Amino acid sequence: MCRHVWGTAVALTLLSTAVTAPATAVPQAGPTRQEAQAGQAGQARQAGQARQAGQARQAGQRPLPLERLFDNTAVSDDARPAGADFDGSGASLSAQDLSAAGWVPGRSLTVRGADLTWPRSAPGTPDNVRADGQSVRVRGSGDALALLVAGTGGGEESGTGVVRYRDGSRSSYRLTAPDWRGGPLATKAVALPHVNTPGGQLAEKARLYVVTVPLARGRAVDSVTLPRNGDLHVFALSVRAESRGWTGSWAASTSGYTAVGPWTDRTLRLVVHTSAGGPRVRIRLDNTFAAAPVRVGSATVAVQASGAKSLGEPVPLSFRGSAATGIPAGTQVFSDPLGFDVPPDSNLLVSLHLPGTVTAAPVHSLAVQQSYVSEPGDHAADAAPDAYTSTILNWPLLTGVDVAGGPGSVVLLGDSITDGEKSTRDANRRWPDLLADRLREQEAVPRYGVLNHGISANRVVTDRYTGDGVSADTGGVSALHRLDRDVLAQTSVRTAVVFQGVNDVRWGASAEQVVEGLRTVAERARGRGLRVLAATIAPCAGEARCTAAADAERAAVNRWIRSDSGAAAFDGVLDFDAVLRDPGDPARMLPAYDSGDHLHPGEAGLAALAESVDLGML
């Protein structure tokens, strides 16, 4: 199956509003003779399972829970690798690898804001369905249907299904599942280090994916009919509930998975700056890109007095009623709602005690903010700063702070200019911070929370970080690959602003490639009911990689954004190029706005960007 270059690894859309985007093909080796022989026996076993499941879904039968329809066995015990046949060739997932990742039978897993449950099946027993038009009972209302899937046909596996609502209406969807052995690591939920075969265990990555299908907002789901594609496997599905009653006040993207510490029995005290305030708070912790779970022994929140010192006693947070929580690889957790008055435009201290040893962690690398690490021990409840004897300049694990109430959030999807490069550390003078100031100081439009999802060095169409393994590269996966996590799944998002592309053209991408990437971002986000604004790419002549050829591609992208075609793709345009350029030399930034490196605006330029935004467009 051939896949084209400029699509996302997973494209899930309502047929009437969006497209399925293709990706680069990954050739797959055929099964070995031993695997094929084992596969014949496995196919006979799977056929028996399929007959049993088929009997359970006779025509006209009411929808059934997914686990009642399981007809395939994907997971084997390492001691009995022939006990499962995921792909028809005898290969399977390792139960021990899943357990090491925290994916144990019956475990609740939150991925991209959706609550899913890993099948309760024991190794060697049916744990997934091969999509064959099954009618699955699913209840709830929300913005998306989330499915835990993988393909086993050697490439992307797609099909069309139907969502039925309790009011009798229905909508179609397109589901695409990447291959479990060759799909992109950048979009996987979890990657396991081995593949089990009857001939032994292979040191080869196995992948599982969580993909989302848009739902009709405001309608309660009654059931889902799966596509018909026997190489498309579904392990779990659920409705991703809308985050009604919450506004995102602060957020940061996971830009990589890097070596840290090592930290053993340490407490992190992370400093974050709120945009919106509210009477209750919850936090989000993400173990994105990880291969192993991480344990948080306790967590607190406080308003910062100065440095690591809190204003008053830090208040304990809980997770499903417990002070501690474990976060399986590739998943996230939300704290329970806490009655705590969060002031707008202020610094919070979020403290996380890590009782085990942590040698690598998901991080947002360019915090432009100093945070703190304690001496050994649980110091989350300390108001005094004395135990916090070292500092860090990134944000590990913490990806969001939400407050109760409010009108919702605006997400700014960007690169280092949005991330705050060249702004003063600890001063909160990134252009998203200044935009939040403007929103708070007016009454003409809702006072949205502003969520900064800029990643330094990030690109629209290509990954900097591969999405798997410990790496010093913290440029993130592409905007296309992080769109679901960093935009669509964000708390009460209403509008997305896309301000990216300069790193693509600086590193050789053509204008056509960037335009197609931006168009896909817009189609997917608008297909989920979001308002999407595009910002033109800022000038950068004089910077080493911003050659005349790169500038020509930049200018071509900007012409498209400003054109009728661009106007049709987006709900509005922010002409940041016009704001920052030198009228006498439009390829260059105005000297008054240039930080000195000719690529990043200084604080005057960042302020000009924030001031130029027509708030009514948000």
Side-chain angles (χ1 to χ4, degrees), residues 8-14 18 20 63 65-67 69 103 106-119 127-129 131 134 136-151 157-165 171-178 180 183 186-190 207-217 219-227 232-244 284 286-288 327-334 399-400 481-493 524-525 527-530:
T8 58
V10 176
L12 301 164
T13 61
L14 285 171
T20 300
L66 185 69
E67 58 268 22
L69 300 169
W103 290 50
R107 179 64 189 253
S108 177
L109 307 168
T110 302
V111 183
R112 300 180 187 179
D115 293 327
L116 298 157
T117 300
W118 182 245
D127 49 31
N128 72 95
V129 300
Q134 299 95 327
V136 184
R137 188 174 71 202
V138 184
R139 298 293 166 80
S141 60
D143 73 306
L145 180 74
L147 302 98
L148 179 54
V149 299
E157 300 299 335
S158 299
T160 300
V162 175
V163 178
R164 289 178 169 81
Y165 302 93
S171 61
S172 298
Y173 66 90
R174 183 77 175 171
L175 172 61
T176 301
W180 76 296
T187 56
K188 56 89 169 81
V190 68
R207 297 110 156 126
L208 293 170
Y209 296 86
V210 171
V211 294
T212 60
V213 172
L215 295 173
R217 290 178 181 265
R219 299 188 211 167
V221 175
D222 184 69
S223 67
V224 172
T225 301
L226 297 180
L232 197 166
H233 299 251
V234 181
F235 292 84
L237 74 168
S238 71
V239 174
R240 180 169 72 191
E242 293 186 86
S243 44
R244 286 194 179 96
R284 182 178 66 243
D286 275 72
N287 201 16
T288 310
I327 314 173
T331 73
Q332 60 189 185
V333 297
F334 288 83
T399 60
H481 283 157
R482 68 188 180 99
L483 182 68
D484 198 358
R485 180 176 59 249
D486 289 349
V487 177
L488 307 183
Q490 290 298 301
T491 299
S492 295
V493 58
R524 290 176 61 197
R528 302 298 179 92
L530 302 187

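Keep in mind it's a predicted model, so treat the numbers as computed, not measured. Index from 1, following the sequence. Just the heavy atoms: all of them, side chains too, but no hydrogens, waters or symmetry mates, feed the values below.
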So which atom in [X] and which in [Y] form the shortest heavy-atom distance, rounded to 0.1 Å?
{"X": "L232", "Y": "E157", "result": "CD1-O, 3.4 Å"}
{"X": "A150", "Y": "L208", "result": "CB-CD2, 4.1 Å"}
{"X": "L226", "Y": "A131", "result": "CB-CB, 4.3 Å"}
{"X": "Q332", "Y": "R284", "result": "NE2-CD, 3.5 Å"}

Whether the side chain of [X] engages the backbone of [Y] through a donor-acceptor N/O pair (distance < 3.5 Å, no angle test) should be reported.
{"X": "R217", "Y": "R528", "result": "yes"}
{"X": "R112", "Y": "D484", "result": "no"}
{"X": "Y209", "Y": "G183", "result": "yes"}

One pair to check against side chain to side chain donor-acceptor pair (under 3.5 Å): S141 and Y165. What are the steps and the verdict?
CA-CA 9 Å; S141 60; Y165 302 93; over 6 Å; no

Pick out which of T399, T110, T331 makes a side chain to side chain donor-acceptor pair (under 3.5 Å) with D286.
T399

By side-chain hydrogen bond (donor to acceptor under 3.5 Å, both in side chains), which residues pair with N287, not counting sequence neighbours?
none

Mutual orientation of the aromatic rings belonging to W118 and F235 [parallel < 30°, tilted 30-60°, perpendicular > 60°]:
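Because their plane-to-plane angle is under 30°, the rings of W118 and F235 count as parallel.
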
Let me confirm one number: the CZ-CG distance from R139 to D222, rounded to the nearest 0.5 Å.
4.5 Å

